[in-house]
2 protein chains.
Amino acid sequence: MRYHLLVADEQERAEGRRGIERELKRGSLELIVLHLLAPAEAYGYEIVSKLAAETSGALEVTDGTLYPVLYRLERAGFVSVRWETPQRGVPRKYYRLTDAGRAELAALTLEWTTFARAMSRLLRTGRDAR
Amino acid sequence: MRYHLLVADEQERAEGRRGIERELKRGSLELIVLHLLAPAEAYGYEIVSKLAAETSGALEVTDGTLYPVLYRLERAGFVSVRWETPQRGVPRKYYRLTDAGRAELAALTLEWTTFARAMSRLLRTGRDAR
DNA sequence: GCACGATATCTGGTTACGCAAGATATAGGG
DNA sequence: CCCTATATCTTGCGTAACCAGATATCGTGC
């Protein structure tokens with residue numbers, strides 16, 4: 001099943017406005033996922049729904065976007081993977097942060113903060129000028 | 001001439017770390033450029049140097065990145081273009097915000113702020129947990 | 001017992017954009 | 001005369017988000 005997300009984005013597309021949100025998410029998604037995995041391990045589908053719920057739609061992703069991210073994180077050694085096949089129910093793939101993953105999370109958080117601060121500072125300049 | 005930029009990025013690449021900054025800029029660049037054009041018209045080369053100076057390196061771009069952005073903005077009707085050929089010196093192409101450009105600037109600023117706020121809120125959650 | 005929706009994961013192709021690298025042209029200094 | 005600085009433009013590459021589809025299992029209703 002495909003999670004139905006990004007309603008605002010679809011509206012923008014219909015209006016001819018390209019969704020800039022898509023681009024903004026570039027590079028932030030990895031950080032977002034690592035952050036969500038920090039408190040406890042989780043499986044893909046759970047992350048998608050968590051994200052939609054916790055950010056009330058502002059940072060939603062489709063599963064088709066998330067799984068490649070998780071795969072990338074696994075390949076990079078930032079998460080470890082564990083399959084769980086319950087007697088009843090669909091098998092789940094649980095992702096857990098590794099030590100390298102925590103280090104990466106810290107690094108990306110810093111990078112994001114630096115970037116966001118630079119943007120905020122820039123956007124503040126000249127707000128009363130002109 | 002190519003502006004020499006993003007020293008940090010090159011260091012990261014040398015270390016094997018891919019620069020996430022590159023991805024973070026996605027979608028923000030248009031906003032950045034529109035913002036820089038808000039107080040007064042400017043030419044491409046000027047924008048590159050201004051940006052490097054004003055953000056002390058945090059938001060630098062190369063000219064090879066900027067010119068396509070400016071072209072996109074022109075095609076979209078967000079900036080108007082004027083050539084100036086002085087008696088001495090290289091001709092300059094001046095870009096000026098249109099009314100549509102100012103509207104777009106406002107819209108993008110709002111989108112950025114919304115996104116950044118959502119990110120900050122998310123990254124704050126669980127900062128003391130575990 | 002079977003159709004259907006919800007849960008859960010994976011894959012292929014498309015699109016878009018930042019950037020490195022190269023080309024081009026003018027002007028001034030050693 | 002070459003080298004650097006100013007100034008713009010173009011090609012090609014890599015990467016990442018996303019859409020659309022495929023697959024498989026379970027619970028519920030008819």
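In this text, all values refer to a predicted model and were calculated from it rather than measured experimentally. In what follows, every chain begins at residue 1, and chains take the letters A, B, ... in the order their sequences are listed. Atoms considered below: every heavy atom in the structure, side chains included; atoms not considered: hydrogens, waters and symmetry mates.
- Remark: P of dA16(C) and CD of Glu30(B) are 13 Å apart, rounded to the nearest angstrom.
- Phosphate contact (OP1/OP2 of dT9(C), side-chain N/O of Tyr67(A), threshold under 4.0 Å): present.
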Report the C-alpha distance between Arg82(B) and Glu84(B) in whole Å, list the side-chain angles of each, state the deciding distance to 0.1 Å, and finish with yes or no for salt bridge (charged side-chain N to carboxylate O under 4.0 Å, His left out). CA-CA 7 Å; Arg82(B) 172 177 73 83; Glu84(B) 182 161 317; 2.8 Å; yes
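- In terms of position on DNA chain C, the residue among Gly64(A) and Pro91(A) whose nearest nucleotide sits closer to the 5' end is Pro91(A).
- Nearest-nucleotide positions on DNA chain D place Thr65(A) closer to the 5' end than the other of Gly89(A) and Thr65(A).
- Between the CZ atom of Arg88(B) and the P atom of dT6(D) there is a distance of 18 Å, given to the nearest Å.
- Taking atom CG of residue Leu70(B) and atom P of nucleotide dC19(C), one finds them 14 Å apart after rounding to whole Å.
- The side chain of Arg26(B) contributes no N or O atom lying less than 4.0 Å from OP1 or OP2 of dT15(C).
- The residue Glu84(A) sits apart from the nucleic acid: no heavy atom pair falls under 4.0 Å.
- Nearest-nucleotide positions on DNA chain D place Val90(B) closer to the 5' end than the other of Val90(B) and Lys93(B).
- Here the P atom of nucleotide dT8(D) and the CZ atom of Arg72(B) are 17 Å apart, to the nearest Å.
- If you measure from atom OH of Tyr43(A) to atom P of dA6(C), you get 16 Å, rounded to the nearest angstrom.
- Note that the CD atom of Glu23(A) and the CD atom of Glu111(B) stand 11.0 Å from one another [nearest 0.5 Å].
- In this model, the phosphate group of dT8(D) is not approached by any side-chain N or O of Tyr45(B) to a distance below 4.0 Å at OP1 or OP2.
- Two residues are said to be in side-chain contact when any heavy atoms from C-beta on lie closer than 4.5 Å; Glu21(B) and Glu60(B) fail this criterion.
- The separation between Lys25(B) atom NZ and dA16(D) atom P is 15 Å, rounded to whole Å.
- No contact: Tyr71(B) has no heavy atom under 4.0 Å from any strand.
- In summary, of the residues considered (Leu29(B), Thr109(B), Leu73(B), Val69(B)), a side chain to side chain contact (heavy atoms under 4.5 Å, CB included) with Leu34(B) occurs for Leu73(B) alone.
- Using a 4.0 Å heavy-atom criterion, one finds that Glu23(A) contacts the sugar-phosphate atoms exclusively.
- The closest side-chain heavy-atom distance from Leu70(B) to Leu66(B) is below 4.5 Å.
- Following rounding to the nearest Å, Glu21(B) (CD) and dC17(C) (C1') show an atom-to-atom distance of 15 Å.
- Using a 4.0 Å cut-off, no side-chain N or O of Arg22(B) falls inside it from OP1 or OP2 of dG14(D).
- Between Ile47(B) atom CD1 and dG18(C) atom C1' there is a gap of 16 Å when expressed in whole angstrom units.
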